Amino acid sequence: MLRRRAELLRKIREFFAEREVLEVETPLFSHGTVTDPHLSAFSSCYGGNPEHPLYLQTSPEFAMKRLLAAGSGSIYQICKAFRNEEHGRYHNPEFTLLEWYRAGFGLDELIGETDALLGSLSEGIRPLTPSEQLDYRSAFLAHTGLDPLEASTEEFAGCAYRHGLPEAAEICGSDRPTWLDFLFSHRVQPHLGRDRFTFVRDFPAILPSLARLKPGDERLVERVEVFLDGMELGNGFFELADPQEQERRFDRDITARTAAGLPVPAKDFRLLDALEAGLPDCAGIAIGVDRLLLALHRQDSIAQTLAFPYPVA
Amino acid sequence: MAFVSTSEFKNGLKVMLDGDPCTIIESEFVKPGKGQAFNRVKLRNLKTGRVIERTFKSGDTLETADVADVEMQYLYNDGELWHFMVPESFEQYAAEPNSVTDAKKWLKEQDICIVTLFNNVPLAVQPPNFVELTITETDPGVRGDTSGGGGKPATLETGAVVRVPLFIQTGEVIKVDTRTGDYVSRVK
């Protein structure tokens, strides 16, 4: 597996070298972090001063966007990312991400390039049928019978109940994003990526992350996820570049964190400054390298792809 | 009362669910994209033996169940309760009939069993994997048949009925696998 990993990394670097995308490194340990209520960063501090916390990066996204705003052009990075309280069959709290940004690309071109990369990486390792593209709405509708944009939370609850998941009503309550996450992960995702890469695009705007609203239909955002064997491999966006909208999303996250009694990190003003200075139109995606290795070589768990998984790290 | 969070869920952990003690068989961490994380958990209800699947929001907690498996010697049945003793401490426990439903047909006085205690009360009894029991009744076999093919029913001293080879006679002691209820061998 060590050799297979080395081979995969070599092929990724060749792919981007051919396309003249610049490899970069950004800090793994940084003053700022994400506000996302569903991500928990490891934190420490320099010299023992808790007033100045430092965070292990949950992804290199903010730092890479600062480079893009500074005029780097298209860039990629293969680095470690860290997420606290994420451990399981497909999660290791420290994992390897491949993240790249393409200046001038929209979501379509990004999906095309991701498909080309994944296709070249699976070649000669695992035969797959040609990839497919679905939009979130029709994938959700196909497997739950409900329209994610229109259905009421009562209808979501009814669907969960019929599928033997009555506890969902208590977990999700009247929170639409949690209902979508619940039903998508339990009822939709297991069907995605059967012996092929499945791209799911155009997410509901209530699951925006850092994606731009879709022109012409502001109920959707230009976000894509890619799946193989029912497992999510990556998440990409046509990147939000509006600093005011970015700050509103930070504030919304912070309100959610406060309500949930979670720690509230400061907004990363360096990212906001960079967006203010101007992020070029670009699309970017992050792919979990360990999971890709797992799926291509048909392993059972992420632990089998790592030299020393979390329990023995 | 102690509580455990979903991040500490592991196989074999005993927790309270809907008022009943359960043991965790499987816990899978599920996280959609950048969304809410869940734990999909399979549990066995220790009272009924039923397997339940339940999803929790990651970070939720469950009360731990005060459940312990203790090796005890089976003493006797007083017509209603089944009495056990911890050999080291001579501590005695009385088990209700519903906790020995599956085990009772294998229970022979002085055998060492595993008694599952819930809040210090016997909840379930697991007989030894192999027991040696005397046959109280079986049809006379055909002399000369040693092949073991076919077989016949035999009633044991505890009331259990197992299939034995034709050459086995009433009064003989046999070894039985309690997990399958199968005859293993004759005990000399």
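The structure presented is a predicted model; accordingly, all values stated were derived computationally and were not measured. Computed over heavy atoms, backbone and side chain alike; hydrogens, waters and symmetry mates excluded. Just so we're on the same page: letters track the sequence lines, and every chain starts at 1.
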Visitor: Identify which part of H91(A) has an atom lying under 4.5 Å from any heavy atom of chain B, answering side chain, backbone, both or neither.
Guide: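 Contact with chain B involves the side chain of H91(A) alone.
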
Visitor: What distance do S5(B) atom OG and E85(A) atom CD have between them, rounded to the nearest 0.5 Å?
Guide: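 It is 7.0 Å, given to the nearest 0.5 Å.
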
Visitor: Determine whether K57(B) and E170(A) make a side-chain contact, defined as any pair of heavy atoms from C-beta on separated by less than 4.5 Å.
Guide: no

Visitor: Rounded at 0.5 Å granularity, tell me how far CD in E167(A) sits from CG in D60(B).
Guide: 11.0 Å

Visitor: Say you draw a straight line from CZ of F38(B) to CG of L165(A); how long is it, rounded to the nearest 0.5 Å?
Guide: 10.5 Å

Visitor: Can you establish whether the number of heavy atoms outside R186(B) located under 6.0 Å from its atom CZ is more than 12?
Guide: yes

Visitor: Is T55(B) close to chain A through its backbone or its side chain, or both, or neither, when contacts mean heavy atoms under 4.5 Å?
Guide: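 It is both, since atoms from each part get that close.
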
Visitor: Does atom CD of E137(B) have more than 12 heavy-atom neighbours, drawn from other residues, nucleotides or ligands, at distances under 6.0 Å?
Guide: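 Counting other residues, nucleotides and ligands, CD of E137(B) stays at 12 neighbours or fewer.
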
Visitor: Does any backbone or side-chain atom of Y90(A) lie under 4.5 Å from a heavy atom of chain B? Answer side chain, backbone, both or neither.
Guide: side chain

Visitor: Are any side-chain N or O atoms of D181(A) and backbone N or O atoms of Q36(B), one a donor and one an acceptor, separated by less than 3.5 Å?
Guide: yes

Visitor: Within the supplied structure, the quantity of interest is the number of heavy atoms (other residues, nucleotides, ligands) at a distance under 6.0 Å from R163(B) CZ; does it exceed 12?
Guide: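 Result for CZ/R163(B): enclosed.
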
Visitor: Any chance OH of Y161(A) has more than 12 other-residue heavy atoms, nucleotides or ligands included, within less than 6.0 Å?
Guide: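 At most 12 heavy atoms, drawn from other residues, nucleotides or ligands, come within 6.0 Å of this atom.
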
Visitor: How long is the span from the NE2 atom in H87(A) to the CZ atom in F29(B), to the nearest 0.5 Å?
Guide: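 It is 10.0 Å, given to the nearest 0.5 Å.
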
Visitor: Less than 4.5 Å to any heavy atom of chain B: does that hold for the side chain of T178(A), its backbone, both, or neither?
Guide: both

Visitor: More than 12 heavy atoms of other residues, nucleotides or ligands under 6.0 Å from CD of E28(B): is that the case?
Guide: yes

Visitor: Counting C-beta onward and ignoring hydrogens, is there a side-chain heavy-atom pair between E232(A) and K31(B) closer than 4.5 Å?
Guide: no

Visitor: Decide if atom OH of Y310(A) counts as having more than 12 heavy atoms of other residues, nucleotides or ligands within a radius under 6.0 Å.
Guide: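 No, because the 6.0 Å sphere around OH of Y310(A) holds 12 heavy atoms or fewer from other groups.
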
